[in-house]
Amino acid sequence: MGWISALEWRFPGFSLAPTRVFWWFLVWVAVLGVSALNTGNNALYMLLATSLGAFVASGVLSRHTLGHMRGETVWPSEVWACAATRVQVVVHNTSRWLPAWGVVCRLQGLPGGVVLPPVPPGGKVGVSLLTRCPERGRLPRPELLLEVRLPLGFFVKSLRLPQSGELLVYPRLVAAALPRFSGLPQGKEERGDRRLQRGGEVELLREFRPGDDLRDVHWKQTARQGRVIVMERREQERSLRFLVLDPHVRDPEDPDTRRRFEDLVAEVASVARKLVHAGQAVGLVVGERVLPPAWGPEHLRRILTLLALVQPTHGAAGTVFAIRGQQAVYRLARDS
Amino acid sequence: MPQVVWQRWFGAGALMVALLLGLAGTVALPFLLPLVVVALVLVTRGRPLRPLPSWLENVVAVVILVSVAAAGGLPFGVMRPVANLLVLVAAVRLWGGAERQRRSTVILLLAALNAAGVASATHPALAVYLVALLVGVVVAFGHLIPLEMAQRYGSGVPRGWPPARMVIATALLAFLVGTPLFVLFPRLRSPFAASGLGTRPVSGFREAVSLHQLGDIKTSRRPMLRVRFGKAGKVQPHWLRFAGATLTHYRAGRWLESRKQRPEEELKLFTAEGGAVEAEITLEQSSDRLFLPPGTRRLLPPDVHVWVDGAEAVRIPRSLEPPTTFRVYFDPEAVNTRPPAAEDLAVSVNLEALRRLAREAVGHASSPRRQAQALEEYLQTRYRYTTTTAAPLRADPVEWFLFTARQGHCEFFASAMVLLLRALGIPARLQTGFAGGQDVGGGEYLLRDANAHAWVLAYVDGQWQIFDPTPPEGRPGADAGTEAISVRAFWAKLEGFWDRWIITFSLTDQLEVLLRLWDFARRVGRWLAMGAGVLLVAALIWFLWPRRRRPRQTLTPSELGGILWRLAEEAGWGRECLMRATPAQVLASLLPRLSSSREACLWLFHAHERVVYALGSQPPRRRVMANFRKVLAELRKACGEVGRTTNGRGPNSQAKRARRQARLPSNGT
């Protein structure tokens, strides 16, 4: 509607949508007006004037409330696609006299919302908003949407507050089984690996780091020093394990292909997370990008970042270049 | 649970509507009771009510239709039966009305009943009711909408009521906007004029009495006359009678007289000497006639052209601005009117029936005076006073009153007595005007529209005498004053203002207000224009000031992070290392290199920590930039290599060292 565009020009980020109450109010005013005109009853004129006055008052006060609201969002450090994410929202009320009541907070384009507690004049409140990002990737931070319906609910007036910065959404987590890495038979490999990984002389004692094997904890030193101390053994020949994701597909634009590719990425991400949390070193190969095997939260973050940004590309199934070590290859099956 | 809250609000709303309907008299009590009972159940019950089964609703619908039809009232206008029907339907729909699919219907019904009640009310308390209604609606919306939103988003139930400031501001703004709207709405009809929705005439003087008028008479408390008696001792109740018209001709249910000006000698009726009592009468409203005591001997009219018309009314120009004051001298025990004539015996209805009834009423009374008194008593005791009438159009109203309805208002009683007297051969006339009044103190009496009355002049014992056949409950009385004179006077003024400028506000009044505003604007035009200009400038400043460009006073967390990043780069941190490092690590590497700006560096990193991790307030820009410049200056001053990190030297530091060593001259060259 042209006048709404004009409103947006004057009040950037502002939008207006009539509610069912508004349409019923129009009917009410019309019927009341005709009755008052027909009868000349001044009491009906009073009721009509009160109704229209209340309509104007509601518009003025809701606009005042919305015009004095500011807000920002604080996202958690890890955001997963299709998973419930709790976003902290801080809303400021810069009005000097009118508290903000009944304000609804939402994120543009994302589900979920929260009704704010009363925001005193000149004050602020912080609330937790549960939402869900539908897809992975690097996205601009969604705008914060503040909606006001009160005092009388004729319109839903909303204000979009842009949020600076970007958001990295990791692939969604699925229940994925651990892969069978190519190379030595599973059982022998595991036995041997375990011995190799945990064997060897103790090279040094150091502080515990996330990802360390709990069996390497030196309990005596831990009790003595009051912090968790682990034994770092001389590293044996470790087998290098890689998760390989082939991004080449026949038709990247096909929706079904994209859906299947997303499932694939989700599986790889879930497997990687499981392995790293289990203390295993794992690397990632995506196309020509290689992340060497490592462990720890920082490495996991690199893996997930790479997986969050990978896109399917057109081409025949890529040849996985020869890498030293074992690998689990994830590739979309060709259409028959 | 939101449904219970909705239920309680519906109950409260229904109670408010029932109160209004009961006080305004729109709906009779038996019809209101179901609504009141249901409303009380809704308010007190702690669990949501389910709607009635459909078979039961169908049965109840039949009962409702039968009871509305039995109550009748259609001849009084459509308002009453429609209101009765709506009240009963509302009572049924309220039960279980808090369910989502029934809420709209309940709200519509309550709104319609509310409008019907408001339309029927004339008391000044209506203003208080409207304010209370607005406040109630705002509070209800403020309570219910957040509940609905919280239920929609599953984010818990917000507790509390809407802020008082919001409610008060809404009410005040609504009043400020609504008042000029009320004044400016176009008035195409006079207040309470007849309409398709039902006739509701208002009490007041009428020069042409029409007994066929249908519907209820709404009592108007508009002040009409103010009377101050001279030094005559205690004022007697029968002094409070002021005639506006004396009517002789009755035909087809109407008393009419000619408005034509009578010959000049008619005015001589009121120029005689004498008159024991002196009174100063003030007309509070615009009028085309003077209201005089029936025994007026001498009239000192206002200084305008006056004349007497066919109804013996002393007429003045209607354009005369009120208040209009004049003085009279009157004999309270006499009636000053023309001698009896043939038309004072004319009867145009069923003479035989009237004669029969009159003989039955007078019994054995022989003298005309006794017969008149007997008739007066007969009508007072055997007939009932009511302001609700429904004389059918095909029947003569007086016959209908005497033989069928046996109830009516003062005009019926007076008309009946006049015709009965004439049937007995006693000349009689109908006189209309005002009677009774309110003692407002200081010897002054106030008469309102509600004091309009009709009585009988009968020519008995060689003189005209006044008879009033209306039962006492229908006769306007004289209200005695009390100790709280000032409060009563204030309330009387308030009621007068209400009646004058609200209830009876008409097109004429609108034009008057607009003309006064125009006069005022012309008188103060220049000042008004200046004031408007000042207001416009102030509004522009208020509107544009927030939009001026001004530097931001605080830094956002991302800007603060960028400043710390810049410091770390200056200290030799590479990009890749910085992405893996924590602020604490960077700070630990900077501090050994700083001396004078150490505090500044600590402040910057702590501010960043507070903003990012503790949701603290954003630091002021000026201080951040000052500290940043201080630290940067010291870092640049140092010519040495970058500080150590906890993980070892930054990779770029070795490259810098190599470059520096390449530049340094070697010894001996």
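Being a predicted model, the structure only gives us computed values, none of them experimental. All heavy atoms count here, side chains included; hydrogens, waters and symmetry mates do not. Lettering follows sequence order; numbering is per chain, from 1.
Your options are B/V167, B/L134, B/V138, B/N114, and the one with the most heavy-atom pairs under 4.5 Å with chain A is B/V138. Of the listed residues B/I145, B/L172, B/L181, the one with more heavy-atom pairs under 4.5 angstrom with chain A than any other is B/I145. Ranked by heavy-atom pairs shorter than 4.5 Å toward chain A, the options B/A169, B/A171, B/P180 are led by B/A169.
The main-chain N or O of A/P99 is never found under 3.5 Å from a side-chain atom of B/R165 such that the two would form a donor-acceptor pair. A donor-acceptor pair under 3.5 Å links the side-chain atoms of A/Y45 to the main chain of B/P186, judged by distance alone.
Across all non-hydrogen atoms, the minimal contact from B/A119 to A/N41 is O-ND2, 2.7 Å. Residues B/A174 and A/A54 come closest through the heavy atom pair CB-N, 3.6 Å. Of all heavy-atom pairs spanning B/A121 and A/A43, the tightest one is O-CB, 4.1 Å. In terms of heavy atoms, A/V115 sits closest to B/P146 at CG2-O, 4.1 Å.
In this structure, chain B has no heavy atom under 4.5 Å from any part of A/V27. Contact of A/R106 with chain B is made through the side chain alone, with heavy-atom distances under 4.5 Å. With a threshold of 4.5 angstrom between heavy atoms, B/L184 does not approach chain A through any atom at all. For chain B, the nearby part of A/P121 is the side chain; its heavy atoms alone come within less than 4.5 Å.
Residues of residues 145-153 of chain A having a heavy atom under 4.5 Å from any heavy atom of chain B, listed by number: A/E147, A/R149, A/L150, A/P151, A/L152, A/G153.
Looking at A/L47 and B/L130, their side chains come closer than 4.5 Å, going by heavy atoms from C-beta outward. In this structure, A/T50 and B/F182 have side chains that are not in contact, with every pair of non-hydrogen atoms separated by 4.5 Å or more.
Shown here is A/F208, whose CZ atom has more than 12 heavy atoms of other residues, nucleotides or ligands within 6.0 Å. Other residues, nucleotides and ligands place no more than 12 heavy atoms under 6.0 Å from the CH2 atom of A/W24.
None of A/V104, A/L130, A/L129 except one satisfies the side-chain contact (heavy atoms from CB on, under 4.5 Å) rule with B/Y153; the exception is A/V104.
Rounded to the nearest 0.5 angstrom, A/M46 CE and B/T179 OG1 are separated by 9.0 Å.
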